[in-house]
2 protein chains.
Amino acid sequence: MTKESNDASHWRDFENNPLSHSMAHYLMAIDSLRNEFGYARSTDVADMLGVSRGAASMALTQLKKRGWVGEDHNRFLLLTEEGVRIASMVEHNFIILSKFFEEVLGVRQDIAAGDACKMEHLMSNETGKRLLWLMQDLLSDEELAVRVRERMKEYGKGCNIANVDECPICHGAGECLVTAEAPDTH
Amino acid sequence: MTKESNDASHWRDFENNPLSHSMAHYLMAIDSLRNEFGYARSTDVADMLGVSRGAASMALTQLKKRGWVGEDHNRFLLLTEEGVRIASMVEHNFIILSKFFEEVLGVRQDIAAGDACKMEHLMSNETGKRLLWLMQDLLSDEELAVRVRERMKEYGKGCNIANVDECPICHGAGECLVTAEAPDTH
DNA sequence: AATAAATGTTTACCATGGTAAACAATATGA
DNA sequence: TCATATTGTTTACCATGGTAAACATTTATT
């Protein structure tokens, strides 16, 4: 294996993701505003997202060009069919991820929501649907679900793996985060 | 609730993440090169990541300023203690996520790896450690693990939830992705 | 209808993180 | 040693996605 073949081709899929985090939130803001107030204007979107009217104006121009946003007969913003599909997927991914982190893994609510918000637009539909499929069981009252949740309750103040060799992931090879403190960067 | 209070304050944590996707991969490239060849130079990093030497030069200057990268007595690139910690966490997160997607959820290997690569630097240590804790069980041969994996095998060609009302997440409210096709954007 | 307020757009700017190309500094080999 | 390669850095540029401020347009209100 040459060093070039290692990683070069795929790591930049992140920046080439067809849907940016920013665009996802513009779409969801329109969806949310229309559900709550029945209409959405550029300024409302800007206020909801906490950006300037100029930023919203330019972003919405892009979204219209991509065919994800349109206007209704009153010139209010409207998601196209495709726009609705994308916004729905991201919203669904957020709910799936945050519920999984919070209700299955037992992560603190704000951390769970923060992590989910960052990842929501990056999880593929395939992964999202399978995670949902699993959670149908894990959030039920059946024995399997109860035992998984019981197991997570044993996760104490920190991870109780005392020895790095016990890590089922790295098997003690190299640096292991099981016992490590979180860096300042997270 | 005003519309402003909704979402404005947190969705931009994504772009304010102290560790960018790009920076994470520069750190991991140095780690990987040193493990494989015993040294890492700017050009090697550029080749491994498939970017120009100029881009690598500028990125590495930033990483040195942040105190995550240094040079050894031969002027070869070196991760600082903090750099190692960050690179390790991201690498660990990648392994945890891709194993979870592939071996627990049954996602196709390339999709699992792609999703994990995009999310690796965004998952908090808290969430990562708890997911690892859960996977210690789910990847074992114990009854609980076997039953979870059996359950995932029942996930057929698609999600078999025929009716949106059956979705345990949205309970039929609004657009539901359970039965939806993946948009082109993923 | 005239004025004022609200809304929307454009412009010049910022930062990140790429490129290509010019240039500078090191190695290396005849 | 001297010429050539390799390695590293800088520069001018690109795109995304923000800001503030100027400007234009639309909607109310008197």
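Order of the sequence lines sets the chain letters (A, B, ...), proteins ahead of strands, with each chain counted from 1.
- Listed by chain and number, the residues in a salt bridge (Lys or Arg N to Asp or Glu O under 4.0 Å) with B:E81 amount to none (sequence neighbours excluded).
- For the side-chain contact (heavy atoms from CB on, under 4.5 Å) with A:L33, the lone residue among A:L77, A:D44, A:D47 that qualifies is A:D44.
- A salt bridge is absent between A:E150 and A:R147: the closest approach of a Lys/Arg side-chain nitrogen to an acidic carboxylate oxygen does not fall below 4.0 angstrom.
- What separates CZ of A:F76 from P of C:dT7 is a distance of 10 Å, to the nearest Å.
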Requested in this report: Treat primed atoms plus P, OP1 and OP2 as sugar-phosphate and everything else as base, then score nucleotides 11-26 of chain D 5' to 3': B for base contact with protein heavy atoms under 4.0 Å, S for sugar-phosphate contact only, - for none.
Outcome: B-----SSB-------
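- Between B:S42 and D:dT7, a side-chain N or O to OP1/OP2 separation shorter than 4.0 Å is absent.
- For the pair A:D44 CG and C:dT7 C1', the interatomic distance rounds to 10 Å; values are reported in whole Å.
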Query - ring pair (Phe, Tyr, Trp, His ring centres under 6.0 Å) evaluation trace for B:F14 with A:H121 - result: CA-CA 11 Å; B:F14 179 82; A:H121 68 299; 5.1 Å; yes
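- One can place NZ of B:K65 at 12 Å from P of D:dT9, the figure rounded to the nearest angstrom.
- Here A:E15 pairs with A:R12 under the salt bridge (Lys or Arg N to Asp or Glu O under 4.0 Å) rule; sequence neighbours left out.
- Counting any heavy atom pair closer than 4.0 Å across all strands shown, A:S57 reaches a base atom.
- Here the two rings, on B:F100 and A:F100, have centers that are under 6.0 Å apart.
- One interatomic measurement links the two molecules: OH of B:Y39 to C1' of C:dA27, which rounds to 13 Å at whole-angstrom precision.
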